[in-house]
Every structure is written in structure tokens, then in C-alpha cells.
Amino acid sequence: MEPRMPSSLVHRRQGDGYVPLAQEAKAPTLAVNPSAPRKLGTFEGVFVPCVLSIFGVILFQRLGWIVGQAGIGQFTIMLVVGYLVVVSTVLS
């Protein structure tokens with residue numbers, strides 16, 4: 001006597017939209033062009049954005065202390081300079 005299979009497997013055997021693992025579509029691969037010039041290196045592309053993110057977190061955590069020590073005018077100047085650095089990094 002043939003063993004009974006669960007109904008979900010029977011439906012899969014009958015071609016109910018089931019695709020076996022061997023026939024699944026493969027993920028597309030990215031073509032790498034080694035002759036293309038690199039735009040950003042390790043320092044400009046990784047280190048600077050990470051450091052700017054860390055400085056942004058520190059600025060947010062120390063906001064009250066900075067305003068209390070420097071005053072609202074100097075704090076505004078520091079904030080504008082920081083945003084200019086971030087915007088120039090993003091646009092590069």
C-alpha cells in the first residue's frame with residue numbers, strides 16, 4: 001500500500017503553481033565594470049558619512065548643553081556649518 005501524503009503535498013504534485021527548488025529563478029547579478037573610475041574611496045565614501053552621523057547623534061544629545069555654553073547665536077552658526085557639510089557630502 002502506498003503511504004498517504006498530506007493534501008498540501010498532493011496539490012503541489014499536481015502543479016498548483018509550485019516551482020521546485022531546482023527550477024527557481026536565480027537572483028540577478030550585478031555587472032561590475034573594472035575600468036569605470038571610482039567616485040568615492042574609503043575615506044570619502046565610508047569614513048566621512050559615518051563620522052558625520054556620529055557627530056549628529058552627539059549634537060542631538062548635547063543640544064541643551066551647547067546652547068547653554070555657546071549661546072543661541074553661536075549654536076545656530078554651528079548648526080548651519082554642520083548642515084552645509086552634510087549637504088555637500090550627500091550631493092558629492
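Heavy atoms from other residues, nucleotides or ligands lying under 6.0 Å from CD of Gln74 number 12 at most.
At least one side-chain heavy atom of Val48 sits under 4.5 Å from a side-chain heavy atom of Phe43.
Between Ala70 and Met78 the shortest heavy-atom distance is CB-CE, 4.0 Å.
Contacts classified as ring-ring contact (aromatic ring centres under 6.0 Å, His included) and involving residues 57-92 (residues at least two apart or in different chains) are not found.
With sequence neighbours left out, the side chain to side chain contact (heavy atoms under 4.5 Å, CB included) criterion links Ser53 to no other residue. Taking the side chain to side chain contact (heavy atoms under 4.5 Å, CB included) definition, one finds that Ile58 meets it with Ile54, Phe55, Arg62, sequence neighbours left out.
At a threshold of 4.5 Å between side-chain heavy atoms, the hydrophobic network of Ile, Leu, Val, Met, Phe, Trp and Tyr places Ile77 and Ile72 in two separate groups.
Applying side-chain contact (heavy atoms from CB on, under 4.5 Å) to Val87 and the options Leu91, Leu84, Thr89 leaves one that passes, Leu91.
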